Every structure is written in C-alpha cells, then in structure tokens.
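These figures come from a predicted structure and were not determined experimentally.
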Amino acid sequence: MKNFFYILIVFAVFSSCSEYQKALKADGEGAIAEKFKMGEALYNEGKFAKANRLFAQIVPNYRGKPQAEKLMYLYATSFYKMEDYYISGYQLERFASSYPKSEKLEETSFLAAKSYYHLSPVYSKEQKETVEAIEKLQEFINLFPESEHVSEANKLIQELDFKLEKKAFEIAKQFNLISDYPASVKSFDNFIFEFPGSKLREDALYYRLDSAYKLAINSVEYKNTVQNGLVHLRKERLEIAKEYSDSFKLLYADSKYIEDVNEMTSAINQELESYSTKS
C-alpha cells in the first residue's frame, strides 16, 4: 500500500512536469490563455520561477488588453518573490507608472522601494545603492503617508542610515589606526556634523579626542606662516584637544572611555601648565 502511494506521488510529479513543459513549448491563441492560467496557478502555489517563465512568454501578447494589468502585476511581483531584486525594482516601478490607478499601486510601489533596500551592500562597500534605496523609500512615504507599510519603510530607512553612519565612522577610525591624525580629526568632525543623532556619537567623540591628543603630543613646537611668522603649533593643538576632552566629559561622564579620557586630560593639562611656567 505504501509503495502504491509513492508511485502515485511520482506519477503526479512527472505528469505535472510534463504538462508544464508542454505549456512552455505550446503555440497559438489557445496556448497563450493556457499559459496565463497555468502561470497564475503556479504563482499561487509558490512556484514563482516556473510561473515567471510562462509570464515572460505571453507579456507581449497582452499589451493593451484588459488582462494586462493582472498579468503585469503577477510578472513583476514574481521577480520579487524570486529575490531577483535588480529586475523586480525595474518591473514594479514600470507597473506603477503604467497603472497609476491600480488597486495594487501602493503594494507595488512599496515592493519596488524595498527591492532597492535589498540591493544595499554591506557598509564596508560603496554605498551608492544604499543612498538610492533611502531615496526610494522616502518617495514611497511621501506618496503614501497613510500606508500600512510606512512603519516598515521608516525602519528600513533607519537601518540604511546607520549603514552610512557606520561607513563614515569606520573611515575616520581607520585614519586614527594608521596614525593619520589630521585626517582622522577632520573626518570625525564631518561625521559629528552630518550625523548629530548617531548611535556612534560617543565613540566618534572619543576617537576624535584620541586623534587630536596624539596629533598635539607629537607636534613640533612651531610652524612658520607667511602672515604671522611663528605660530605655537603644539600649544594650539593641545588647547583644541583640551576643548574636546572637556566637551566629552561633560556629555559622557559615565562613558566606558572615561578612564582613558581622564588620563589624556591630565597629560594635556600638564603640557599646557608647562607653557604657563615658561611664560
């Protein structure tokens, strides 16, 4: 009995595959309608790749016909279901522009924007796609402010924003690690200005201080300038580092970095006191 059951399953599978292959190769007016019918059934069963192949064959035949909207919706969303996000973004946007009055407009617009989200790479790579995804998601929110998808869209934007923050932070930190302290200070200044509410703000302020401190300690005493003659470069940089340390302690008195910050502050103050003694 068990063997008979397995035989029936195998027969059904082969029969289904045979019907699908037959539909793919079929021609003529009747074949077009049959491909649509089978493609929709396969789509509803979650067999999106098979459905997509059938839809691709008949899309040109339905242009201008009443069934075209339904077909294009199934065709475009099948790419998204297949996780082919490059094509789904394009096809879903195409659907939205072709059928601006469709009841599926909100859904397809969101999935189009979400396709771009899925294309965003890890933070360490070039972030062109991340910026584009943020723009697409924001466009969706602007077009459909009352949509049930707005909450998710905002969460996706926050995630993408953090990726940009992480990228900028790691670049600035890398300058610190390779002892390019002027570039590190400048990069962290830019980071703090561009991402004022960042979760990485405490870390950024610490590494900016660390870079400014090391830059000051390792500085030469004087620098020649055309206008002002000799400038006390080391003292000037120590004063900047002191401003950063005072600011950090004011904002993050209980920071995980506070011991290091206190040590740097003490060293900075000693160096500055030595200048007062010389005076």
Side-chain angles (χ1 to χ4, degrees), residues 117 120-127 129-131 133-135 137-138 141 150-221 223 231-279:
Y117 159 81
S120 171
V122 295
Y123 77 86
S124 57
K125 294 186 177 180
E126 171 61 42
Q127 294 299 303
E129 289 88 353
T130 302
V131 173
I134 291 171
E135 290 172 353
L137 286 162
Q138 190 59 57
I141 292 170
V150 164
S151 177
E152 183 180 356
N154 278 319
K155 288 179 182 177
L156 296 179
I157 288 174
Q158 289 175 5
E159 182 182 330
L160 295 168
D161 275 335
F162 183 73
K163 198 177 288 188
L164 296 180
E165 292 175 21
K166 184 72 171 171
K167 172 82 172 179
F169 175 84
E170 291 298 333
I171 289 172
K173 187 177 177 182
Q174 185 61 30
F175 284 128
N176 175 279
L177 294 175
I178 63 173
S179 303
D180 188 348
Y181 301 124
S184 182
V185 171
K186 184 176 180 180
S187 296
F188 278 119
D189 276 338
N190 291 337
F191 176 89
I192 292 161
F193 177 77
E194 291 175 17
F195 306 105
S198 174
K199 296 176 183 177
L200 299 170
R201 184 175 176 81
E202 179 183 344
D203 303 272
L205 289 171
Y206 168 75
Y207 280 105
R208 183 182 69 167
L209 166 59
D210 183 70
S211 296
Y213 167 74
K214 289 171 180 173
L215 177 62
I217 292 296
N218 296 309
S219 290
V220 295
E221 286 292 334
K223 179 181 179 183
V231 174
H232 221 313
L233 186 64
R234 191 166 186 271
K235 182 182 178 185
E236 186 179 271
R237 286 175 171 172
L238 283 165
E239 288 170 345
I240 291 171
K242 179 171 172 53
E243 286 180 19
Y244 290 164
S245 68
D246 291 344
S247 175
F248 184 92
K249 289 197 290 183
L250 187 64
L251 290 169
Y252 301 104
D254 298 321
S255 171
K256 60 185 176 182
Y257 300 116
I258 200 64
E259 287 186 15
D260 287 342
V261 171
N262 285 334
E263 286 180 14
M264 283 187 275
T265 303
S266 178
I268 292 167
N269 287 335
Q270 285 179 19
E271 291 291 330
L272 288 173
E273 283 172 14
S274 70
Y275 285 106
S276 299
T277 303
K278 290 175 186 177
S279 300

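- The aromatic rings of F248 and Y252 lie tilted to each other, with the angle between the two planes from 30° to 60°.
- No salt bridge links K163 with E159; every basic N to acidic carboxylate O contact stays at or beyond 4.0 Å.
- At distances below 3.5 Å, not a single donor-acceptor pair connects side-chain atoms of K235 with backbone N or O atoms of L272.
- N262 CG to Y257 OH: the interatomic distance, rounded to the nearest 0.5 Å, is 15.0 Å.
- The side chain to side chain contact (heavy atoms under 4.5 Å, CB included) test with F169 singles out one residue from K173, K167, E165, and that residue is K173.
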Mind running side-chain contact (heavy atoms from CB on, under 4.5 Å) on L137 and L160 for me, showing each step along the way?
CA-CA 10 Å; L137 286 162; L160 295 168; 3.8 Å; yes
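- Rounding to the nearest 0.5 Å gives a distance of 7.0 Å between CZ of R201 and CG of L251.
- Nearest approach of L209 to A241, heavy atoms of both residues: CD1-O, 3.4 Å.
- A distance of 7.0 Å separates CG in N190 from NZ in K186, rounded to the nearest 0.5 Å.
- Of the possible donor and acceptor atoms, none in the side chain of S184 sits under 3.5 Å from a partner among the backbone N and O of D180.
- Side-chain N or O atoms of T130 include none that pairs as donor or acceptor with a backbone N or O of S120 at under 3.5 Å.
- A distance of 8.5 Å separates CD in E170 from CG in L177, rounded to the nearest 0.5 Å.
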Walk me through it: do L238 and Y213 pass the test side-chain contact (heavy atoms from CB on, under 4.5 Å)?
CA-CA 7 Å; L238 283 165; Y213 167 74; 5.6 Å; no
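- Remark: side-chain polar atoms of D210 are not paired, donor with acceptor, to backbone N or O of Y206 under 3.5 angstrom.
- Note that OG of S247 is 6.5 Å distant from CZ of R208, once rounded to the nearest 0.5 Å.
- In this structure, F188 and Y207 have parallel ring planes: the angle between them is below the 30° cut-off, well short of the 60° mark.
- For the residue pair S255 / E202, a side-chain donor-acceptor distance below 3.5 Å is found, with atom types taken as modelled.
- Of all heavy-atom pairs between N176 and S211, the closest is ND2-OG, 2.8 Å.
- From Y181, atom OH reaches atom CG of L215 across 9.0 Å, with rounding to the nearest 0.5 Å.
- Here the closest heavy-atom approach between residue S219 and residue R234 is recorded as O-CD, 3.3 Å.
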Worked check of side-chain contact (heavy atoms from CB on, under 4.5 Å) between E271 and I268
CA-CA 5 Å; E271 291 291 330; I268 292 167; 5.8 Å; no
